[in-house]
S.K.: 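The structure's right below; bear with me while I get my questions together.
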Amino acid sequence: SMSCRTIVYKGMLNASQLRSFYPDLRDPRLASAVALVHSRFSTNTFPSWSRAHPYRYISHNGEINTLRGNVNWQFARQSAMRSSVFGDDLRKILPAIDTEGSDTAIFDNVLELLHLSGRSLAHTMMMMVPEPWSRDEQMDPARKAFYRYHSCLMEPWDGPASLAFTDGVRIGATLDRNGLRPGRWWETADGRVVMASEAGVLDVPAAQVVRKGRLQPGRIFLVDTVLGRILRDDEVKAPIVAEHPYAEWVERSYVELEALPDPTSVILPDHETVLRRQEVFGYTAEDVRMIVDEMARSGNDPVGSMGNDAPLAVLSDRPQLLYDYFKQLFAQVTNPPLDAIREELIMATERSIGPEDNLLEPGPDAAHHLGLPAPVLSNRELEQIRALDGGPGSHGFRTITLPILFRVAEDGAGLRRAIEDLRRSASEAIAEGYNQIILSDRGHDETDAPIPALLAVSSVHHHLVRAGTRGRAGIVLESGEPREAHHFCLLIGYGASAINPYLAFETIDDQVRMGFIPGPTAEAEKRYRKAVVKGVIKAISRMGISTVHSYHGAQVFEAVGLAPELVERHFTGTASRIRGVGTRTFAEDMLARHARAYPGNEESLLPVIGLYAWRRDGEHHQWNPETIALLQ
């Protein structure tokens with residue numbers, strides 16, 4: 001309340017003046033501290049950019065659920081930041097984010113940085129909290145181009161949020177694209193505007209109300225105290241959209257995946273080795289029959305009954321995939337999950353990958369990205385990206401493929417050494433000018449085992465974030481490991497820009513050949529990809545997140561049963577309240593699966609471990625024949 005009143009009294013206050021406005025302010029230390037905040041902007045030791053905009057405030061109702069990712073991406077962009085406004089002072093204020101602050105404070109840190117770099121507050125809000133534009137067929141193409149351009153610079157700050165902002169002259173508010181937080185406003189006959197989360201918070205006589213309304217998703221509500229009126233959403237946005245020829249810039253720089261040349265060759269399924277490779281990546285008969293087959297048959301993510309009575313991964317006696325040690329967090333506010341089916345307009349699965357430009361002063365080529373309709377790539381689409389070599393037809397993109405393998409004979413030490421080599425290779429590739437990196441485990445064989453895909457992706461992602469070069473390249477994963485929606489959620493959440501699950505596709509082709517899935521194979525793969533995307537959307541909607549772009553790198557997960565040093569080094573910033581296993585255990589689990597696959601599975605059958613239903617020799621379940629007998 002003090003901050004809001006201070007906006008009105010825009011003078012330089014000393015302690016005695018402050019008490020005249022705030023009679024209840026008795027603590028002289030607090031009065032002096034607040035007076036200092038106001039007087040500092042009149043001091044000549046501060047640069048001109050701080051005196052020019054002394055009042056910037058943000059107020060926030062709700063939560064920013066993509067915050068961890070937003071912070072990581074902001075740190076990754078700092079090395080490329082340049083500003084003619086800040087000049088050499090820029091290095092004094094970076095990092096601009098106080099990581100000890102709340103989600104509101106961190107949002108305000110970034111908003112202030114973008115605003116002081118030369119953008120209006122409304123422009124900054126349109127960048128950070130864009131409206132649902134990608135599927136809006138009625139939106140002005142120029143405004144769509146504005147959002148497309150800025151999506152290549154910054155991901156949305158997503159989650160149920162209502163945000164009020166002011167620069168001391170204009171005061172406004174907006175809702176995120178979900179619109180799940182309430183906001184009502186009244187305009188009175190004596191020229192006041194009252195806005196609050198609910199109607200009726202102030203006792204305003206009905207006869208005094210001349211106009212009233214509510215905040216709308218993605219729309220900006222703005223009061224201009226100089227003009228003395230409320231500005232419409234299109235009045236606010238039209239001048240901003242027209243400031244630069246965004247449509248021309250996007251047309252020149254942005255490249256859709258389908259516009260790339262056809263690949264000269266695509267790797268075909270190998271039915272002689274598909275079982276062996278399924279063994280290497282820990283496939284079970286249930287994975288094939290209940291997950292992959294069902295997704296390829298129906299185009300939907302399989303749904304099971306409530307509850308999971310199997311042990312946590314860290315307590316299981318069987319080798320586990322790294323994905324099983326993570327649980328997705330759920331939104332903590334009092335609104336329900338998004339209805340991703342009925343509110344399809346606000347959901348967005350599109351991704352763009354490529355080098356990011358200077359966030360503070362981007363140029364015409366800032367939209368030089370490769371647009372993907374979804375984060376799951378077919379084999380053909382992957383080969384289109386792999387063929388980009390910087391030459392004619394590559395649109396300025398250069399791709400390098402890095403193997404994610406470690407020597408079987410070297411055990412856990414070999415896995416740790418391979419990860420360090422991978423991180424170093426990624427940094428060297430970026431230094432050499434590559435802007436698309438494919439991490440691939442296709443080369444595994446009897447002597448080389450695959451690094452767990454999630455470990456490889458997250459380790460490279462966080463290494464490049466710390467090095468300040470993550471924004472200079474996209475990371476594409478080519479792996480036989482992911483097959484269910486949870487796997488894809490984790491890979492996207494920890495930095496994978498796109499994923500090619502080649503073994504899942506080969507499994508589908510194998511099942512079509514044997515008649516377990518209706519063909520043709522291309523249609524079955526299409527249904528599987530659709531099911532994966534629907535599963536990802538279903539998962540992110542529980543967090544109030546509506547775009548895969550903002551989910552990318554957001555790591556909205558907690559680790560259960562991982563060693564602190566593993567989490568800190570490879571999954572930095574992830575909550576982990578229960579200690580557990582480290583790199584050595586995952587190497588042992590991978591080598592156990594590898595040993596079963598080589599020299600070959602004599603039974604020619606995948607194991608049935610009883611994860612989803614009790615089996616006598618399978619995974620332990622709390623709900624088993626003994627508990628039923630005892631209950632009876």
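All of these numbers come straight from a predicted model, not from anything done at the bench.
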S.K.: Hey, does E131 have a side-chain heavy atom less than 4.5 Å from the side chain of R177?
M.R.: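 No - every pair of side-chain heavy atoms lies 4.5 Å or more apart.
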
S.K.: Can you sort out the partners of R569 under salt bridge (charged side-chain N to carboxylate O under 4.0 Å, His left out), two or more places apart, ordered by chain and number?
M.R.: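 R569 satisfies salt bridge (charged side-chain N to carboxylate O under 4.0 Å, His left out) with E420 once adjacent residues are dropped.
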
S.K.: Could you walk me through whether E383 and S265 pass side chain to side chain donor-acceptor pair (under 3.5 Å), step by step?
M.R.: CA-CA 8 Å; E383 294 306 323; S265 63; 5.7 Å; no

S.K.: Could you give the distance from CG (L405) to CG (L415), rounded to the nearest 0.5 Å?
M.R.: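 These two atoms lie 11.0 Å from each other.
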
S.K.: Is any side-chain heavy atom of E506 less than 4.5 Å from a side-chain heavy atom of H271?
M.R.: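 In short, these two side chains do not touch, never coming nearer than 4.5 Å.
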
S.K.: Measure from NZ or CZ of R148 to the centre of the six-membered ring of Y254, then state whether that distance is under 6.0 Å and the direction lies within 45° of the axis.
M.R.: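 Pair R148/Y254 counts as cation-pi.
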
S.K.: For E484, which residues count as a salt bridge (charged side-chain N to carboxylate O under 4.0 Å, His left out) partner, sequence neighbours excluded?
M.R.: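 For E484 there are no salt bridge (charged side-chain N to carboxylate O under 4.0 Å, His left out) partners, ignoring immediate neighbours.
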
S.K.: Answer whether the closest heavy-atom distance between the side chains of Q278 and R483 falls below 4.5 Å.
M.R.: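 They are not in contact (no side-chain heavy atoms under 4.5 Å apart), so the answer is no.
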
S.K.: How long is the straight-line distance from CZ of F488 back to CD1 of I499, given to the nearest 0.5 Å?
M.R.: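 If we round to the nearest 0.5 Å, I499:CD1 and F488:CZ are 6.0 Å apart.
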
S.K.: Would you sort out whether Y612 and I291 count as a side-chain contact (heavy atoms from CB on, under 4.5 Å), showing the intermediate values?
M.R.: CA-CA 11 Å; Y612 302 106; I291 303 296; 3.8 Å; yes

S.K.: If only atom types and distance count, is the side chain of T66 paired as donor or acceptor with the main-chain N or O of A554 below 3.5 Å?
M.R.: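 Absent.
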
S.K.: With sequence neighbours left out, write down each residue that passes ring-ring contact (aromatic ring centres under 6.0 Å, His included) with W73, or none if nothing qualifies.
M.R.: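 ring-ring contact (aromatic ring centres under 6.0 Å, His included) check on W73 returns H461, H552.
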
S.K.: Please check: side-chain N/O of H444 versus main-chain N/O of D441, any donor-acceptor pairing under 3.5 Å?
M.R.: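 Flag set: sc H444 to bb D441 pair under 3.5 Å.
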
